[in-house]
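What follows is one structure encoded as structure tokens, with my remarks underneath.
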Amino acid sequence: MAHENDGHRTRLRERFIKEGASNFQDHEVLEMFLYGCVARKDTNKLAHNLLAKFGGFSGVFNASPEQLLEVKGVSTVTACNIALLKEIFYRYKKDEQDKSNIQGLATIIRYVQSTISASVYEKMVVVYVDASTRYILQEEFTSDNTDQVNVDYKKIVATAMRLNASGVVLFHCHVNAPCNPSAEDIMYTEKLYYALASINIALLEHIIFNNRGEYFSFHKEGIIAQLIKKFNQILNKK
């Protein structure tokens with residue numbers, strides 16, 4: 001038989017999906033969070049008890065696991081999950097702050113090089129930027145071998161569209177090998193460039209690093225400029 005709380009939980013979740021939590025009261029937010037900790041029990045009452053015990057919303061999440069366990073109905077799992085949320089928030093804010101400092105192509109290149117060049121497997125990193133080349137998001141794709149990493153360029157195009165990005169910066173690494181691009185690297189870059197350009201998104205750069213501290217820049221070597229020229233010629237023929 002369905003538990004009497006199931007309908008209430010469903011309604012609160014549906015309201016959150018429809019409206020977000022901006023109109024929720026503190027006890028409702030806490031109540032819904034507790035759904036993942038407490039099965040088939042009245043988390044509304046527990047939420048009220050926690051808020052009363054610790055003097056408000058922030059007090060609950062500032063409490064230690066030991067303090068939380070003093071509240072009737074709080075298990076070790078619940079206490080750990082509540083206390084962990086503050087740590088998750090701190091890490092989220094730090095990560096957001098670190099990324100907010102990544103502005104401009106030169107900074108992005110240094111940032112990615114520090115994360116990719118020591119990889120023991122071939123890895124591709126795609127960074128999406130806005131019109132001012134400010135960092136929006138990065139995606140990493142790692143191979144299970146040292147020879148190649150295969151990423152469908154259509155996935156990159158789809159993500160760029162979803163983010164409303166203005167530009168894409170592509171990186172990958174060669175392991176124990178020179179940075180010079182293979183024929184496959186050049187062909188992939190060309191396909192990606194044309195696919196992005198057709199929807200007015202720029203492929204700003206493709207850089208190949210290796211674990212010897214070397215790199216190859218498609219922009220510096222004139223390959224990006226050649227792609228721009230070819231694409232413009234195609235447009236002018238139409």
Are any of the side-chain heavy atoms of [X] and [Y] separated by less than 4.5 Å?
X   : Y   : value
L50 : I82 : yes
L30 : F61 : yes
T43 : R9  : yes

Exercise for the section: Tell me whether M187 is reachable from I234 by hopping between hydrophobic residues (I, L, V, M, F, W, Y) whose side-chain heavy atoms are closer than 4.5 Å. Expected result: no
Exercise for the section: Please answer: with hydrophobic residues joined when any side-chain heavy atoms are less than 4.5 Å apart, are V71 and V77 in the same cluster? Expected result: no
So, the side chain of [X] versus the backbone of [Y]: is there a donor-acceptor pair under 3.5 Å, distance only?
X    : Y    : result
S217 : H219 : yes
N210 : A177 : yes
E31  : A47  : no
D185 : S182 : yes

Practice task
Step through the shown structure and confirm whether more than 12 heavy atoms of other residues, nucleotides or ligands are within 6.0 Å of CZ on F231.
Solution key: yes
Handout entry: CZ/F57: more than 12 non-hydrogen atoms of other groups inside 6.0 Å
Key = yes
How close do [X] and [Y] get, heavy atom to heavy atom, and via which atoms?
X    : Y    : answer
A195 : Y153 : CB-CE1, 3.8 Å
L227 : Y193 : O-CE2, 3.6 Å
I224 : L203 : CG2-O, 4.0 Å
I201 : A165 : CG1-O, 3.6 Å
A79  : P65  : CB-O, 3.7 Å
N180 : I208 : C-CD1, 4.5 Å

Distance from [X] atom [atom1] to [Y] atom [atom2], nearest 0.5 Å?
X    : Y    : atom1 : atom2 : answer
L69  : T76  : CG    : OG1   : 5.0 Å
H48  : L51  : NE2   : CG    : 7.5 Å
K72  : K45  : NZ    : NZ    : 7.0 Å
L196 : S166 : CG    : OG    : 11.5 Å
T133 : L204 : OG1   : CG    : 7.5 Å
K86  : N62  : NZ    : CG    : 4.0 Å

Practice task
Let me see the working for N164 and D130 under side chain to side chain contact (heavy atoms under 4.5 Å, CB included), right down to the final yes or no.
Solution key: CA-CA 8 Å; N164 196 27; D130 65 14; over 6 Å; no
Exercise for the section: Please lay out, stage by stage, how R15 and E28 fare under the test salt bridge (charged side-chain N to carboxylate O under 4.0 Å, His left out). Expected result: CA-CA 11 Å; R15 181 181 159 199; E28 292 176 311; 3.0 Å; yes
Exercise for the section: Could you label the plane-to-plane angle of the F171 and F209 rings as parallel, tilted or perpendicular, counting under 30° as parallel and over 60° as perpendicular? Expected result: parallel
Exercise for the section: For the pair H172 and H206, name the ring-plane relationship: parallel under 30°, tilted 30 to 60°, perpendicular over 60°. Expected result: tilted
Exercise for the section: Answer yes if the side chains of N81 and T78 hold a donor-acceptor pair under 3.5 Å, and no otherwise. Expected result: no
Handout entry: Pair F218 and F216, ring centroids less than 6.0 Å apart
Key = yes
Problem - Cation over ring face, R162 and Y128, 6.0 Å, 45° - result: no
Handout entry: K53/E70 ion pair, N-O < 4.0 Å
Key = yes
Practice task
Take K230 and Y194, measure what side chain to side chain contact (heavy atoms under 4.5 Å, CB included) needs, and give me the verdict at the end.
Solution key: CA-CA 9 Å; K230 286 182 181 179; Y194 290 150; 3.2 Å; yes
